[in-house]
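Right, one structure below, let's go through it.
Below, read A as the first sequence line, B as the second, and so on, with proteins coming before strands; counting in each chain starts at 1.
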There are 2 protein chains.
Amino acid sequence: MAVRLKDIARDLGISTVTVSKVLRGNSDVGDKTRARVLKRMKELNYQPNMLARGLASGKTYTVGLVVPDLVHPFFAEFAKSLSGELRKTHRALLLASSEEDPVIEMQEIRTLLQRGVDVLIIASCQAVLKNFYELGDNRTPYLLFDRNFPHLAANFIGNDDVVVGEMATRHLIDLGRTRIAHIGARYSSPAFDRLRGYRNALAAAGLPADEDLVVTRERVEEAGDLVGNAMMRDLLKLKPRPDAVFCYNDTTAIGAIEAVLEAGLRVPEDVAIIGCGNLRYAAYLKVPLSAIDQNTTELGKRAAQVAVELAEKPQAELKCIMIPPKLVARESTVGKRRKRTPLNA
Amino acid sequence: MAVRLKDIARDLGISTVTVSKVLRGNSDVGDKTRARVLKRMKELNYQPNMLARGLASGKTYTVGLVVPDLVHPFFAEFAKSLSGELRKTHRALLLASSEEDPVIEMQEIRTLLQRGVDVLIIASCQAVLKNFYELGDNRTPYLLFDRNFPHLAANFIGNDDVVVGEMATRHLIDLGRTRIAHIGARYSSPAFDRLRGYRNALAAAGLPADEDLVVTRERVEEAGDLVGNAMMRDLLKLKPRPDAVFCYNDTTAIGAIEAVLEAGLRVPEDVAIIGCGNLRYAAYLKVPLSAIDQNTTELGKRAAQVAVELAEKPQAELKCIMIPPKLVARESTVGKRRKRTPLNA
DNA sequence: ATGAAAGCGCTAACAC
DNA sequence: GTGTTAGCGCTTTCAT
């Protein structure tokens, strides 16, 4: 059996309460007693039982995270950053992957809530989020991440995706492109906002908004390269064909580039392509990929901070945090004239 | 406050014990009583408090995983697969990333054990694993993953890395290459075994084992591309220079390819290069990368199964599971004559 | 088939 | 400063 508070108390002839107080750094303990307790704890290599603490105190020092796909570099990067930041506060991360399936997502949320996570961070794939309240009268605070639900007054952290769309499209405009297409996703706030940004930028530049140039398909997240490839092939059939494409994410962009090359055209000379996410290996692709970097590491850090705040003060004021994105131009838009951007820059 | 067993018992005029039995599917409950309990549970949307259950029963239905780097596709893929499989058994995943730092790793292990994980799965970055026992007299069963410690009698799951090395090297030999180099890692069982496999294959083919052709460096995991690039540059200075390289992983391979191209040479004509891991985007790289696929999804599935077994029967016989790797040949070794292998194949 | 009693390891609230 | 009492929500054991 593991060492318990009780063991230390017995050894020292004091009460468990005092030991507990020392454990938690409570100030109302005599210096001598504190020293003796700490010494004994070290000797016995005492490890507190967080289950018991959680049950008694209502705080588990645990954060739950639900993402649609752990392998997606964006979510993996976020999870890593979040986890690293939580470690500094001695909190643990309960992680679940919903596979972009709302039903699985609900199940995972339930699992996490049953474990008493202090906060829930979630990039939800629900179409509507009213279901969130059907999970019992649970008062666990939550933080929406990446995907927002405008009609829901909730804590949110993500990028300003309107800016993402504007930034990408503006970049293509600045390069002199005039027939700019958009390969988008559906049913999520980032998809919707990036599209809006795209339109804003076109309008601001006085370019026409040709609806043929906007194509979308469901489930862009999973096999994005294949989807991107298919959609690009559709776009290439248009006359005149687009001379640039802003893709919803990097994987669709990769597929799109492939389609352009397969059609015997050049990137970026015939069609410039920009993605979003800034994959770790973007610089090593057949055509090094330009992309909007989401600053994912910062996103994870800030999310951890908000999570800790929520854990400590569940009724805090609503937070809505937008991390500014950043343009990383590589060959897929600017061609070979610039020097190669180093990895992850 | 959330609904408790007690509430249901009170509503129905029965004891909490009976309700608890229904909850756990215990058979010694009358059909009528069971039905009433289940009905009421549904009505109130009862969610069991797993902390309380864990404290009382000693089982938390939680598995801990520690990986060196969550963003590394191999570990991300593994975590995803593991998590998906655990979900089927209603278990949760506590995840931690050690950043390839033994000190952080110990801290994370402690954090997980304090939360009472039923099993610990770990790709450890410790040089020696005796420290494992210093974490208290904890009897939590653990499963080593990817990185083995031969002198430690422990459960293990991973690839047979000797076979990985042989398979990769053999592939290069079959292509007629005779001066085959190896860019390796250090201080881990996969690194060591892949090197052994490399040597085995050379010996079996009657090729000389030139020690100049084996280069290693620390911390290949993090910025693998840069490390691979630097090591390849070293190799290219040799006379005669190598005509093929087996790289420890895909990221070093990417860097190595870059170095070859920067030197004005061709891949694979001048230098054939093969990696290990089979990145999701391997097919879309400048030179589509040949690699040994580690069958990571299967690895995660089997790990989950073993974890569940260990959770239920901690004293089970030691398991040592080797998932067979698979060769995926692309342009970086065989050139353009073959058809492109589809993504993730 | 059902339940009473005891307790998992800890903390909160209040005495002294 | 220190200790007492009383739980947190559940399971276990052993009566009946």
Given D/dC10, is OP1 or OP2 found less than 4.0 Å from the side-chain N or O atoms of B/Tyr46?
yes
Hey, does the side chain of A/Ser15 come within less than 4.0 Å of D/dG3's phosphate (OP1/OP2), counting only N and O?
yes
Starting at [atom1] of [X] and ending at [atom2] of [N], how long is that distance when rounded to a whole Å?
X	N	atom1	atom2	value
A/Ile8	D/dG3	CD1	P	14 Å
A/Leu55	D/dG7	CG	C1'	9 Å
A/Asp7	C/dC8	CG	P	11 Å
A/Gln47	C/dG9	CD	P	15 Å
B/Leu5	D/dT12	CG	C1'	14 Å
B/Arg115	C/dC10	CZ	P	14 Å
A/Leu12	D/dG1	CG	C1'	15 Å
A/Arg53	D/dC10	CZ	C1'	20 Å

Looking only at the side chains, is there a donor atom on one of B/Arg110 and B/Gln107 sitting less than 3.5 Å from an acceptor on the other?
no
Without hydrogens or angle criteria, can the side chains of A/Arg24 and A/Ser20 be said to hold a donor-acceptor pair below 3.5 Å?
yes
In numerical order, the residues of residues 17-41 of chain B whose heavy atoms come under 4.0 Å of DNA chain C are B/Val17, B/Thr18, B/Lys21, B/Asp28, B/Val29, B/Gly30, B/Thr33
For B/Asp28, the salt bridge (charged side-chain N to carboxylate O under 4.0 Å, His left out) test, sequence neighbours excluded, returns B/Lys21
Nearest-0.5 Å distance, CD1 of residue B/Ile157 to CD1 of residue B/Ile323:
5.0 Å
For the helix from C/dA1-D/dT16 to C/dC16-D/dG1, measure the angle between the helix axis at one end and the axis at the other, each built from five pairs, rounding to 10°.
30°
One pair to check against salt bridge (charged side-chain N to carboxylate O under 4.0 Å, His left out): B/Lys39 and B/Glu43. What are the steps and the verdict?
CA-CA 6 Å; B/Lys39 176 160 172 285; B/Glu43 285 169 2; 3.0 Å; yes
Judged by nearest nucleotide, the residue sitting upstream toward the 5' end of DNA chain C, A/Ala52 or B/Ile14, is B/Ile14
When you look at CZ of B/Phe74, are more than 12 heavy atoms from neighbouring residues, nucleotides or ligands closer to it than 6.0 Å?
yes
Can you confirm whether A/Lys319 is buried at NZ, in the sense that more than 12 heavy atoms of other residues, nucleotides or ligands lie under 6.0 Å from that atom?
yes
Applying salt bridge (charged side-chain N to carboxylate O under 4.0 Å, His left out) to A/Lys80 and B/Glu99, what does each step give before you reach the verdict?
CA-CA 9 Å; A/Lys80 173 177 174 168; B/Glu99 319 297 326; 3.6 Å; yes
Would the B/Tyr187 and B/Phe149 ring centres measure less than 6.0 Å apart?
no
